[in-house]
Amino acid sequence: MNRSTVIALTALAPVSWGSTYAVTTEFLPADRPLFTGLMRALPAGLVLLALARTLPRGVWWWKAAALGALNIGAFFPLLFLSAYRLPGGMAAVVGSVGPLFVVGLAAALLGERPTLRTLLTGIAAALGVSLVVLKAAGALDAVGVLAALAATASMSAGTVLTKRWGRPEGVGPLALTGWQLTAGGLLIAPVALLVEGAPPALDGRAVGGYLYLAVANTAVAYWLWFRGIGRLTATQVTFLGPLSPLTAAVIGWAALGQALGPVQLAGMALAFGATVFGQLGARPARTAQVVAAVRCEGEGTPTVPSVLDALHAEASALTARRPG
């Protein structure tokens, strides 16, 4: 599968997440963000576990728990808390600095050296999202701002660690996604029960909404996301994130009758341009790609012989593909 196809498939994840707001407001019970997060994560995780039929082994019990907490268990509640406490799309604005968080973490943990081009692209993406979603607002809530920053940092750290740790040998992205969603859902469950009480009564619309969120919006979307992390750089993946608020704005205009003025349209163009530009950076060196592939297929740091074997196999494959 070529690089463009991988990028396009990975981009479907944030596009799907952009529909979360519309589905939540139009189909689901009001004021139950934690229960919604639980219904997104746990059923999807259990279904993926049943399909993959693979459980973590050894150190991957705690690695899966850590990734599940960062990407799902902590991220969902913090995101919903910030959205409820911050006015006028401010939570999305704070979340749009995620690419800059990832750039810093990727430099420290993955050796992906940041460039001026990458930093300027991240700033442009955040500015574009701000123009799309930011509305007139009152005083900012300190707890909401901290929750939004913590949610962004949690997802950013989860993205980078997912790239750094890869997957254990013989385990595909389906199983890895199932581990994380299950771990995250189990983390959310007691918090939802303590804060929101017993589950609400559900009608047909709510059941349909939760099924969509669990299947398309979570199980499929996170599988595509974690699959993309394994094949692209962490920075490339995170620059797809602005597609989520852009999709939400388009759905709001098309389905909910929300207006899009010249400022919002300019912001959409800027954010989308930054997203595309973030995929056009220089590719990592081939040796670094092979080392990452060896790390993903095995456990721990790759040995020199394993890297040399992988490079030799890659060279043989290139020779075989050469015409004549």
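Because only heavy atoms are used, hydrogens play no part in the values below, and waters and symmetry mates are left out as well, while side chains stay in.
- For the atom pair CH2 (W223) and CG (L181), the distance works out to 13.5 Å, reported to the nearest 0.5 Å.
- Both tests pass for R117 against the ring of F277: distance under 6.0 Å to the centre and angle within 45° of the axis.
- Both W253 and V15 are members of a single hydrophobic cluster when ILVMFWY side chains are connected at heavy-atom separations under 4.5 Å.
- The backbone N or O of L70 lies less than 3.5 Å from a partner atom in the side chain of S154, making a donor-acceptor pair.
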Between T162 and T159, does a side chain to side chain donor-acceptor pair (under 3.5 Å) hold up when you go through it step by step?
CA-CA 5 Å; T162 300; T159 297; over 6 Å; no
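- In terms of heavy atoms, P242 sits closest to P245 at O-CD, 3.2 Å.
- When every heavy atom of V93 is checked against every heavy atom of S130, the shortest pair comes out as CG1-OG, 3.3 Å.
- Taking CG of L48 as the reference point, atom CD of Q180 lies at 11.0 Å (rounded to 0.5 Å).
- Not one N or O on the side chain of R167 forms a donor-acceptor pair closer than 3.5 Å with the backbone of A175.
- Across all their heavy atoms, V160 and A106 have their closest contact at CG2-N, 4.1 Å.
- L260 is listed as a side-chain neighbour of M268, based on a closest heavy-atom distance under 4.5 Å.
- Other residues, nucleotides and ligands contribute more than 12 heavy atoms inside 6.0 Å of the OH atom of Y212.
- At a threshold of 4.5 Å between non-hydrogen side-chain atoms, the residues I188 and P77 count as touching.
- Under the 4.5 Å side-chain heavy-atom criterion for grouping Ile, Leu, Val, Met, Phe, Trp and Tyr, L176 is connected to L109 within one hydrophobic cluster.
- The closest side-chain heavy-atom distance from L213 to M39 is not below 4.5 Å.
- If you chain together ILVMFWY residues whose side-chain heavy atoms come under 4.5 Å of each other, V195 ends up grouped with L34, V191.
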Walk me through whether F239 and V102 qualify under side chain to side chain contact (heavy atoms under 4.5 Å, CB included).
CA-CA 9 Å; F239 271 120; V102 170; over 6 Å; no
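- To the nearest 0.5 Å, the span separating CG on L79 from OG1 on T152 amounts to 8.0 Å.
- Between Q264 and L131, the closest side-chain pair of non-hydrogen atoms is not below 4.5 Å.
- Using a 4.5 Å heavy-atom threshold, the side chains of F76 and L38 count as separate.
- Checked by atom type and distance alone, the side chain of T24 never pairs as donor or acceptor with a backbone atom of A22 at under 3.5 Å.
- A126 and V97 get closest at one heavy-atom pair: CB-CG1, 4.4 Å.
- When side chains are defined from C-beta on, S19 counts as touching N217, because their heavy atoms get closer than 4.5 Å.
- Residues meeting the salt bridge (charged side-chain N to carboxylate O under 4.0 Å, His left out) test with E196, sequence neighbours left out: R32.
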Check the pair F101 / T238 against side chain to side chain contact (heavy atoms under 4.5 Å, CB included), numbers first and verdict last.
CA-CA 9 Å; F101 277 49; T238 195; over 6 Å; no
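- Interatomic distance, L12 CG to L240 CG, rounded to the nearest 0.5 Å: 10.0 Å.
- Remark: Y21 OH is loosely packed, at most 12 non-hydrogen atoms of other residues, nucleotides or ligands lying under 6.0 Å away.
- Scanning both residues, Q279 and R3, for their nearest heavy atoms gives O-NH2, 2.5 Å.
- Checking side-chain atoms of K163 against main-chain N and O of I229 turns up a donor-acceptor pair under 3.5 Å.
- Between atom CG of residue L28 and atom OH of residue Y210 there is a gap of 4.5 Å, rounded to the nearest 0.5 Å.
- Linking ILVMFWY side-chain heavy atoms closer than 4.5 Å, directly or via other members, places W225 and V215 in two distinct hydrophobic clusters.
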Take T182 and L49 through the test side chain to side chain contact (heavy atoms under 4.5 Å, CB included) and record every step on the way to the result.
CA-CA 8 Å; T182 302; L49 283 182; 3.3 Å; yes
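- Counting heavy atoms from C-beta on, the side chains of P33 and T36 never come closer than 4.5 Å.
- Relative orientation of the W62 and W165 rings is perpendicular, given thresholds of 30° and 60° on the angle between their planes.
- L42 and L193 fall into different hydrophobic clusters, where Ile, Leu, Val, Met, Phe, Trp and Tyr residues are linked whenever their side-chain heavy atoms come under 4.5 Å apart, directly or through other members.
- L243 and I123 are not part of a single hydrophobic cluster, where members link through side-chain heavy atoms under 4.5 Å apart.
- What you find for A216 and S16 is that their closest heavy atoms are O-OG, 3.5 Å.
- Here the OG1 atom belonging to T247 is positioned 11.5 Å from the CH2 atom belonging to W17, to the nearest 0.5 angstrom.
- Side-chain contact between P199 and F35 is present, with at least one heavy-atom pair separated by less than 4.5 Å.
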Carefully, step by step, assess T10 and R227 under the rule side chain to side chain contact (heavy atoms under 4.5 Å, CB included).
CA-CA 7 Å; T10 307; R227 181 175 175 274; 5.7 Å; no
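- Cluster partners of L81, using a side-chain heavy-atom cutoff of under 4.5 Å among ILVMFWY residues and allowing indirect links, are V143.
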